[in-house]
Amino acid sequence: MKKLVIIFLINFNIISHALAKNLLICEYDELYKTGCHIDDFIIGENLKFQMDFSTSYKFDCEGHDFQVGIITENGFYPMQRSQNVQKLVSTFQARASLKVLNPEKLYAKILNKNCELSILQSEQTPSIQTISNWNQEAKNIIQILRIYSESYQLAKNLIEINTWDKNKLTLFYDQVKKISNLYPQNLQLKLLLTSIENSLQNRPTLIQIEQSTKDSLIIYYQNKILDLINEGNKLIELSSYWKIKIDADLIKIINEIKMKLPQSLEK
């Protein structure tokens, strides 16, 4: 989170250097064409996520028709001429900067010597797409946390596995199979899968589980849950910082699951 704040402070510093400064620079000559250019000006770049920038500006200039605006990876946002302060909202993540679409028209004797293009202020908020992504991420974390939490409880109660019904056993089998695919060299998991398969096929078998296998499963689910809780907490901090509402169930389920974990594991 601190890195994120630093990034945005840097962007604000870049903007502050040009506040109220006329970015339209001209050299006037009574005999030849006036040569003008727009000072290079970066609104922002390399953001952690997509943002909406509301830029206050003043573009007061008559007698010409060159087009200037903010260019981003999402397109061109034109600035409007007016004696009053205007606002322009641009959406970007990679880079946003000033751009003249037809710079050849900056070379004309008719350009008004009092032309002004000034950036006065720029405010930023997460874009609609970013907010949508955060909410989807929150829903994904909630869903996966519920699955891992249930599997964690099953792993803690493996002593009762031979009394489980078929639905409970199938759920546990699917979870163990995923872990076994991640650790193909673990023979104990393979033996456990075979025992569960036989039981599901109504073969008279008693599922035998080594204590080390039980411990491995519990530790595996604990680590997965802790990683997801950390991801969820970062998302909660991020949304709180920007005053964005995300799925309230995320905080609820994190608190519920933390109550089920050994206190020594809580981060």
Side-chain angles (χ1 to χ4, degrees), residues 1-4 48-49 129-240 246-267:
M1 189 64 203
K2 290 182 179 179
K3 291 182 179 178
L4 181 71
K48 289 293 185 181
F49 43 81
Q129 184 60 55
T130 294
I131 295 171
S132 176
N133 291 343
W134 288 354
N135 273 287
Q136 185 57 55
E137 185 178 351
K139 291 181 187 300
N140 292 342
I141 292 174
I142 290 169
Q143 182 180 11
I144 300 172
L145 268 176
R146 284 175 176 154
I147 293 172
Y148 280 141
S149 178
E150 188 169 354
S151 298
Y152 172 67
Q153 293 303 318
L154 291 175
K156 286 177 61 179
N157 296 289
L158 284 178
I159 193 172
E160 303 171 358
I161 191 169
N162 288 294
T163 65
W164 292 354
D165 60 28
K166 193 170 184 178
N167 290 335
K168 199 171 184 179
L169 201 55
T170 300
L171 172 65
F172 186 65
Y173 173 82
D174 291 339
Q175 293 300 314
V176 173
K177 189 172 183 179
K178 291 177 183 178
I179 303 174
S180 180
N181 291 335
L182 293 174
Y183 305 99
Q185 304 302 319
N186 191 316
L187 297 180
Q188 292 179 341
L189 289 176
K190 291 184 180 299
L191 290 174
L192 176 57
L193 283 174
T194 300
S195 297
I196 298 175
E197 285 173 357
N198 289 335
S199 180
L200 288 172
Q201 293 171 7
N202 296 320
R203 297 175 183 172
T205 180
L206 187 65
I207 300 174
Q208 300 289 341
I209 306 176
E210 296 289 337
Q211 184 60 46
S212 58
T213 304
K214 296 178 184 178
D215 295 340
S216 296
L217 288 172
I218 290 173
I219 292 173
Y220 174 84
Y221 286 121
Q222 282 178 347
N223 290 336
K224 287 293 184 182
I225 289 170
L226 289 173
D227 287 343
L228 282 170
I229 286 177
N230 286 335
E231 287 184 28
N233 283 332
K234 289 178 182 178
L235 188 57
I236 291 168
E237 290 177 11
L238 198 57
S239 62
S240 175
I246 59 172
D247 198 321
D249 284 344
L250 181 58
I251 298 176
K252 182 179 177 181
I253 193 170
I254 286 177
N255 290 334
E256 288 177 353
I257 292 176
K258 285 174 69 175
M259 295 292 292
K260 300 175 183 178
L261 294 173
Q263 290 186 357
S264 59
L265 292 175
E266 292 185 20
K267 297 182 181 179

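Every heavy atom of this structure was used, including side-chain atoms; hydrogens, water molecules and symmetry mates were not. Just so we're clear, the structure is a prediction, and the values are computed from it rather than from any experiment.
A donor-acceptor contact shorter than 3.5 Å is absent between the side chain of Ser240 and the backbone of Ile236. Put simply, the side chain of Asn186 gets close to the backbone of Leu189: a donor and an acceptor are under 3.5 Å apart.
Taking the side chain as every heavy atom from C-beta outward, Ile257 and Leu228 never approach each other to under 4.5 Å. Within the 4.5 Å cutoff, side-chain heavy atoms of Ile229 are placed close to those of Leu145. Using a 4.5 Å heavy-atom threshold, the side chains of Ile225 and Gln222 count as separate. Side-chain contact between Leu226 and Leu261 is present, with heavy atoms from C-beta onward closer than 4.5 Å. Within the 4.5 Å cutoff, the side chain of Asp249 has heavy atoms near those of the Arg146 side chain.
Atom NZ of Lys177 has 12 or fewer heavy atoms from other residues, nucleotides or ligands within 6.0 Å. The environment of Gln143 atom CD is sparse: at most 12 non-hydrogen atoms of other residues, nucleotides or ligands sit within 6.0 angstrom.
Between the CD1 atom of Ile219 and the OG atom of Ser212 there is a distance of 10.5 Å, given to the nearest 0.5 Å. Taken to the nearest 0.5 Å, the NZ atom of Lys178 stands 6.0 Å off from the CD1 atom of Ile147. Of the inter-residue distances, the one linking Glu150 atom CD with Gln175 atom CD reads 8.5 Å to the nearest 0.5 angstrom.
Applying the ring-ring contact (aromatic ring centres under 6.0 Å, His included) test to Phe172 and every residue at least two apart in sequence or in another chain returns Trp164. Listed by chain and residue number, Gln211 satisfy the side chain to side chain donor-acceptor pair (under 3.5 Å) test with Asp215 (two or more places apart in sequence, or in another chain).
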- Output, in order, the C-alpha distance, side-chain angles, deciding distance and verdict of side chain to side chain donor-acceptor pair (under 3.5 Å) for Asn233 and Glu237. CA-CA 6 Å; Asn233 283 332; Glu237 290 177 11; over 6 Å; no

- Residues Leu238, Phe49; criterion side-chain contact (heavy atoms from CB on, under 4.5 Å); working and verdict: CA-CA 11 Å; Leu238 198 57; Phe49 43 81; 4.1 Å; yes

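Using a 3.5 Å distance cut-off with no hydrogens or angles, the side chains of Gln129 and Asn133 do pair a donor with an acceptor.
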